[in-house]
Amino acid sequence: MNTSLNYAYYPGCSSTGTSIEYDMSSRAVCAALDIQLNDVPDWSCCGSTPAHTVDHTLSSALSARNLDQVASMGLDSCITPCPSCLANLKTAKHRMEDAGFRDKVNNLLDKPANTQVGTKSVLQILVEDYGVENIKKKVVKPLTGRAVGAYYGCILNRPAELMQFDDREHPMAMDNIMEALGATVVAFPLKVECCGASFGIPRKDLVMRLSGKLLDTAKGIGAMALVTACPLCQMNLDMRQAQVNNANDSHHDMPIFYFTQLMGLALGLTEKELGIDKLCVSPRTVLDAMASEQSVKERAA
Amino acid sequence: MKFQEELKKCISDVMPELDVVIGWCASFDPLHATPHFMRRKEDIDKLEISPLSVHNLATYLPGLRGKKVGIVVKGCDSRSVVELLQENLIDRKDVTIFGFPCTGVVDQSKIKKALGHTGNVESCEMSDTALVIKMDDKTQTLAMAEMLADKCSSCRYPDAVISDYFAGEKIGNKGEKDVDYAAVEAFEKLSVPERFGYWLKELDRCIRCYACRNACPLCVCRDHCAAESRDPHWLSQENNVRDKLMFQVIHAYHLAGRCTECGECQRACPVDIPVLMFKQKMNQEIREIFQYEAGVDPEATPPLLSFKMEEENITEKVW
Amino acid sequence: MGLVKYLKSADLTPWLEELAQENKVFAPRYEGDAVIFAPFDPKQEISIKHAATMPPKKTVFPQSEKLVDFTYSKDPEDLSRVMIEGKEVLPEGTAVVFGGRPCDVRGFTMFDRVYLAEKTTDVYYKARRDNTSFITLACEKPETTCFCHWVGSSPYDATGSDVLATPIEDGYVLESFSPKGQKLLTSKLLENGDRWISKGQEVNENAVESLTDAPDLSRAPQKLLDVFDNMNFWEKAAAKCLSCGACAYLCPSCYCFNITDETTGMKGTRFRSWDNCMSAQFTMEASGHNPRPTKAHRLKNRVGHKFSYYPGIHDGVISCCGCGRCIKSCPVGIDIREIVQEAINHEPAIG
Amino acid sequence: MPVLEGTELRIVGFLCNWCSYGGADTAGVGRFKQPTDLRIIRVPCSGRIDPLFIVKAMMNGADGVLVSGCHPRDCHYSEGNFYARRRLEIIEKFLPILGYEPERFAYTWVSASEGQRWQEVVTSFTDQIHKLGPAPKILGPQASDTLSVMEAAL
Amino acid sequence: MKIGVFVCHCGSNIEATVDTAAVAAAARQFPGVAFATDTMYTCSEPGQDEIVAAIKEHNLGGVVVASCTPRMHEQTFRRTVERAGLNRYLFEMANIREHVSWIGKDREANTNKSIDLVRMATEKLTHNRPLYSKKFDINKRVLVIGGGVAGIQAALDCADGGLEVVMVEKTSTIGGKMAKLDKTFPTVDCSSCILGPRMVDVAQHPNITLYAYSEIEEINGYVGNFEIKVKKKATYVDWDLCTGCGICMEKCPSKKATDFFNEGIGKTTAINIPFPQAIPKKAKIDPAFCTKLTKGKCGVCAKVCPSGCINYEMQDEFITEKVGAIVTATGFDLFDWSVYGEYGGGRYPDVITGLQYERMLSASGPTGGHIKRPSDGKEPKNIVFIQCVGSRDKSVGRPYCTGFCCMYTAKQAILTKDHLPESQSYVFYMDIRAIGKLYDEFTRRAMEEYDTKYIRGRVSMIYPKGDKLLVRGADTLMGSQVEVDADLVVLAVGAEAAAGASKLAEKLRISYDTYGFYMEGHPKLKPVETNTAGVYLAGACQGPKDIPSSVAQGSAAAAKVLGLFSKDQLESDPQVSIVDIKRCIGCGKCIKTCPYGAIKETELRGMVKADVIETICQGCGICTSTCPQGAVQLQHFTDNQILSEVNALCQF
């Protein structure tokens, strides 16, 4: 196992608010696996929604600046938990390869940006750099018992040419991790479906339909919880679950974890440091179920 | 040279089976040697091997095909013999090769430079370290190391790579040394117009005597050289630098993968044109691209007469 | 006895510059490591300490020269009717060659007998010969390869020269040997040379002193004919020959040439270019037959021509000027003196 | 009047009959616009191309030379382009010592079906040559004929 | 040499962007040109007559035509000058269409370039010499590679024409893809009923030698005299003895072997005969699954075989065949559709290919003609067909249209209704490509009489929902999203070049396109020829084809072969290398590099010399560029000819 994993860490705006538990758990898990994270000094918004919808140059300028910050740290790769940030940072790096575009962007910045650094998601480095096998070795409290489904969302690994991670239609990264943690993983067919996130404000009805379908399907295949890797997905499925239920008069009560939170638990971290209490739909029943399952095993042993 | 007597001995032993043995002997002045064709025992006494034995005698072999020929070779000369064997232009059974440990030969033009001229040399004493030359009532001492031909200072084959008889102690391959292309690399640093102009200036004085070609042991086309033919009609007979330069390129390209850098082309040039550089450049490329060196393996196939389906060291242009 | 003048070494360059105003002046200078005759350029140092690598042959007999420029034209009415129009290209302007040695310049007298014969005058050669004058440098000390005295010449032989310049300390004694020469000595830079004459003679005599004795070559023509069919003799002599053209092209008295046409589109030129009898092509016949198939045949011709055949038709004059370049510059050090002497001393095997 | 003064440079192409010449035809049939500088000499096989033709062309005043044959393994004569590849590579590396930029010569492989590719090759090679401008030329029989002009230019 | 120059307008093809008159005018000033003119259509009869007339009138010694590519009309014009009594090689072409007028509109530049090309051609022409071809005997046997319907057609036509035919088939039976089909469009007649008899004819025809389960190892020689090395792969069954009784199949205990003939629908035995009508009807062992060959145990087949033809020691065998011509009919393979993640990438058993579906429909297939879901064997009710899977899709590198999928999908929809009257078929399509006799009528029937629901749009995702597959796609006509609960999804998978097509092409020395389909000699005029004389194409190896076109091309190829063999001798191409004995120094470099071994060493007055065997030399010219003194010269492409072109272009 590679002991010297060391990355620049770009939290992204949502980690300071709606998805603070994702940020907490990511940091906690990395610490537990002694993966060193170095915060990007004076990081700013990546220029993702809404900037990139209205002005590519501006949005890339924001990302470019952050990448330049990373370069100035003397590190060659940067990781971020948030897929939108990831997508935008990668897009910027790609666009900056075009001389014309690069000039336009650099005009907006104080100094020409060095955008050579690569960006990966926390999920990607856990799977590719750290390795599922190694994660397995670190598990102290296996997540035995309950069935979870893995939901990746639509941007984590798409467009494939850009994101260069996992299968664009049938990703397995989180499934494999969950399996390594000892959970029973149910094959979730809508892994890469859209949750409606970007319509969250203008077309709520869409979100209700799309997220609703996700929850229905999850339930249909007997998942007791979903794990996600995206603040937006998580928000739609968790925070808006009640609204979804109202809209589709369904009665879902499905906890939506960040995969890092379940990892944390399996690695023996406390619920507090993983921000479990920040979830809207209470995961209590599921967690207790898992706990009891464990104790049963322990007694048996 | 102590091995010289040993060599004479062994030549006279084999001479009966041979039509002729080629070596060197004294020439028109104490500073020059000349090729020596030994047919009778008494000829052997004249044999002299020294730093003046500059000529690559392998050049004569193809012309003597069919005869039983003995040849005395320096390490570098022997590589030309290997090439000729490789291209079956001579028959191994008809050639008897006499090797000796070569400590290097002089570069006459360096001596000329050092002395201003060499028109009146009265005597020339040679040791491993120095040349003591008496001329114009003066005696001048030149450091041998500085007068040696460039090829000698970076020589990796002081002993014949192939021989039937070897006189004296082998010096042993100085494998650690590598060919030195510093001169070529330095030249390539010049600007485009500088390089272009350089050759025009140098070749302007070429008199098209083709000594460079005829002294070359591997210019085996000789009387049929493309340079003087009308079909193919590569060159005109006009005194123009274009054709002179073109000929040098023809020569260099036809030697690609064959040339052993014996330097005869440049040595033979009566007007001292540095034509060896063309061949050195070719060889440098051949070495880098094909890891091939001519004149060491009689069984090898030269790179331009063979190919690989995948060429490790050729990266093709992407458009 | 022509004009005698004295020139200070310091005034040499100015004098040549002066001459260069009306004439194309050629003087020896270093090109790379070789000393060759090049158009005089005050910015570049001339080199006259020793005989030049190349003789000034090309100043009268260029390495290649245009004989005729020709153009084709078509009858617009009938394109298949092609007219050809040739224009003879005669050399123009006068030239002065400074710094040749007696042997170099004497060489042209061998040319003259061939190219200036009144029935078969070579107009191109004649034009240049007439318009070129030679200021020749007497030799102070012959080199090991020198043998002008073998062939009836000497270190201060003025044959073929217009002015003979004998170097004395910090100056030259200049003596004219032709009207052309006299004209050259009218410069203000020159002072009367009478008081220097003796000094000059001294130098000339010393030069002759330092010569080794010359063998008698009077039997050479006959002896060479005697060994004409003795290929064994010639094969030995030619064994080390590479049959390149260095000897002939550096020879002040070799005058052979080749003629070729080069055409591009509707224009063309007929060239005359140096050729040499050492090359196999020299006698190659269209049939593919070559009467001089081997280098032995060819070397025999070169030696034979100079020391036997030419003298035979040109009242005994040997067409070699003894400059020794063929020896010095031969890549394999063939020594024509040896061959001639071997021929002379060759006794046909009895029976 | 070999080239259009000012607008064109002299670019010579040697193309094998079976693949690249066909590729150039395909480009034509597809009406793929190309610069007009290139003049194509058709040879049976890239293996027929004596690298000395390239040097000859350069010394006779070409500004660039482009060689194209069948893709390796696709040679109509099965081996021609393998030999060609080695020989052309050598000469490409050799040109600089003569005082020509290596970019003045390029060799590549274009199949009879690759009209598009041919268009790209011709276009980018022509651009490349125009970026370099005219190649150094030998202006007369004597070195001075050329050198004097070059010095004047400096 | 008096030269005539003819500059062609090619209607407006050239004239539009080249001032042909100006080109002709310029040509008049070129050396040797005695006559120059511009003509409307030089290749037309009047155009050619004009050339003949000019040659006679001006008694021309050579002709230059500036028009299209020589690859198009060089032959034409060579015949023309021959008619006028000139040697055919005293002719040159300047390509001012493909290389000039069609690639740019700048009239000045084009005209100027055309003049250059004409100058080049005339300069070369002045160095041309008359060349005369030699005649050589030919071997009137033909090799047919591939035993699909195209190959079968070509083989039978040749054989009926009296030629000896050698057929080499990769698999253990001929019949190809067509043999796997249940019915054929648009007539819906039984595939094996049409093909079966033709396969039998092949087996029984006295002129046909069939090597099944064999591959081409090596091809040497040239038109008229090819030498083929055939590899007979080990079947572990002596086919001379095997009667095809099939007892071995009944008794073979290892029943897990992949059933290639049935496209992996169901399994077969380790020793098997692909299908009842197989030709030859012989058993072969699949070594990967035979426990005798893998573990050394079993040997049941050997025990039960009545004719004792089992031989576990059998090795591959190599046979050499000599033929004069080759018909390549290697067909196509299905695109590997598993790259389509949105269709499940192979994870869902009930998503199958059209060809698998054919096997299901076929009465002799693994399900006995009953449509069953691979997953649970249930009869499907909703069947979704998705077209253009691996066709017209840049993203998977398959931008071309396979051409027959629309039709077989329609056919399968119709057959589905026949098999399961209760069923409902849906077809997701991009466009309907039904070009062909009765084709469009046929697809209409599928829609109208068999009420197949055609949805114009792509499918974005298939995912399991309970025991069904939810197929979600767009309906671009309605502008809405559609979802279908499917029981079975059939993918109309497109065709791609057969595996190993490029390898074979290298052996045949023919070229192939970006996708691996073989290149025809000319897209219009030489649809079955290749660039290599004596090698012809039939069927889908040249590009996806349906049965009628494949059969047509098979016959066309056969006609070409019969034409080629209508003479007893062929004329060798005189564009070969010859050695100038005077110049050759016998260094043997040319011998080393000749790819054909066409140069041998001879002796002349005790000297070694090279000598070219003219009928073997193929005219590549490697020797010429290898010989340092230029002693060996490729005729018509000599150093001087190429140099004259170089000099024409580069005059300092």
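In what follows, chains carry the letters A, B, and so on, assigned in the order in which the sequence lines appear, proteins first and then strands, with residues in each chain numbered from 1.
- Interface residue D:Leu147: only side-chain heavy atoms are found under 4.5 Å from chain B.
- Of the two parts of B:Leu203, neither the backbone nor the side chain holds a non-hydrogen atom closer than 4.5 Å to a non-hydrogen atom of chain D.
- For B:Ile289, the part lying near chain D is the side chain, with the backbone staying farther off; criterion is any non-hydrogen pair under 4.5 Å.
- Put simply, CE on B:Met246 and CE on D:Met58 are 12.0 Å apart, with the number rounded to the nearest 0.5 Å.
- For D:Arg73, the part lying under 4.5 angstrom from a heavy atom of chain B is the side chain only.
- Chain B forms the most heavy-atom pairs under 4.5 Å with one residue out of D:Ser124, D:Ser144, D:Gly140, D:Pro136, and that residue is D:Pro136.
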| field | Verdict with reasoning, B:Glu316 to D:Glu89, per side chain to side chain contact (heavy atoms under 4.5 Å, CB included) | value | CA-CA 9 Å; B:Glu316 273 140 29; D:Glu89 182 73 11; 6.0 Å; no

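- Only the side chain of D:Arg117 comes within less than 4.5 Å of a heavy atom in chain B; its backbone stays farther off.
- If you measure heavy-atom distances from D:Asp50 to chain B, the contacts under 4.5 Å come from the side chain alone.
- Heavy atoms of B:Ile286 lying under 4.5 Å from chain D belong to its backbone as well as its side chain.
- Taking all atoms of both residues into account, the shortest heavy-atom contact from B:Asn239 to D:Gln142 is O-NE2, 3.7 Å.
- In this structure, B:Phe278 and D:Leu98 have side chains that are in contact, with non-hydrogen atoms separated by less than 4.5 Å.
- Heavy-atom distances place no part of B:Val318 under 4.5 Å from chain D, backbone and side chain included.
- Contact between D:Gly99 and B:Arg195 at its shortest, heavy atoms only, is CA-CB, 3.9 Å.
- With values rounded to the nearest 0.5 angstrom, B:Phe307 atom CZ is found 9.0 Å from D:Arg85 atom CZ.
- Interface remark: B:Phe290 contributes side-chain atoms only to the contact with chain D (heavy atom separation under 4.5 Å).
- Interface remark: B:Lys244 contributes no atoms to any contact with chain D (heavy atom separation under 4.5 Å).
- For chain B, the option among D:Thr146, D:Val121, D:Val55 with the highest count of heavy-atom pairs below 4.5 Å is D:Val121.
- Ranked by heavy-atom pairs shorter than 4.5 Å toward chain D, the options B:Val184, B:Asn240, B:Asp243 are led by B:Asn240.
- Taking NZ of D:Lys93 as the start and CD of B:Glu188 as the end, the distance is 11.0 Å to the nearest 0.5 Å.
- Closest heavy-atom contact between D:Ala143 and B:Leu200: CB-O, 3.3 Å.
- Scanning all heavy atoms of the two residues, the minimum distance from B:Phe196 to D:Ile138 falls at CZ-CG1, 3.7 Å.
- Looking at B:Trp319, its side chain never comes within 3.5 Å of a backbone N or O of D:Phe125 through a donor-acceptor pair.
- Options D:Glu92, D:Arg87, D:Glu120 differ in how many heavy-atom pairs under 4.5 Å they form with chain B, and the most are formed by D:Arg87.
- Here the straight-line distance linking atom CD1 of D:Ile97 with atom NZ of B:Lys281 works out to 6.0 Å at 0.5 Å rounding.
- B:Glu238 touches chain D through its side chain: at least one heavy atom from C-beta onward sits under 4.5 Å away, while N, CA, C and O do not.
- In terms of non-hydrogen atom pairs under 4.5 Å with chain D, the most contact-rich of B:Glu311, B:Lys317, B:Lys308 is B:Glu311.
- Counting heavy-atom pairs under 4.5 Å between each of B:Trp199, B:Trp234, B:Tyr198 and chain D puts B:Trp234 at the top.
- Within the 4.5 angstrom heavy-atom criterion, atoms from both the backbone and the side chain of D:Met59 approach chain B.
- Chosen from B:Met282, B:Glu202, B:Lys201, B:Glu310, the residue pairing most often with chain D at heavy-atom distances under 4.5 Å is B:Met282.
- Heavy-atom distances place no part of B:Ser191 under 4.5 Å from chain D, backbone and side chain included.
- Not a single donor-acceptor pair under 3.5 Å links the side chain of D:Arg86 to the backbone N or O of B:Ile314.
- In terms of heavy atoms, D:Asn60 sits closest to B:Arg242 at OD1-CD, 3.5 Å.
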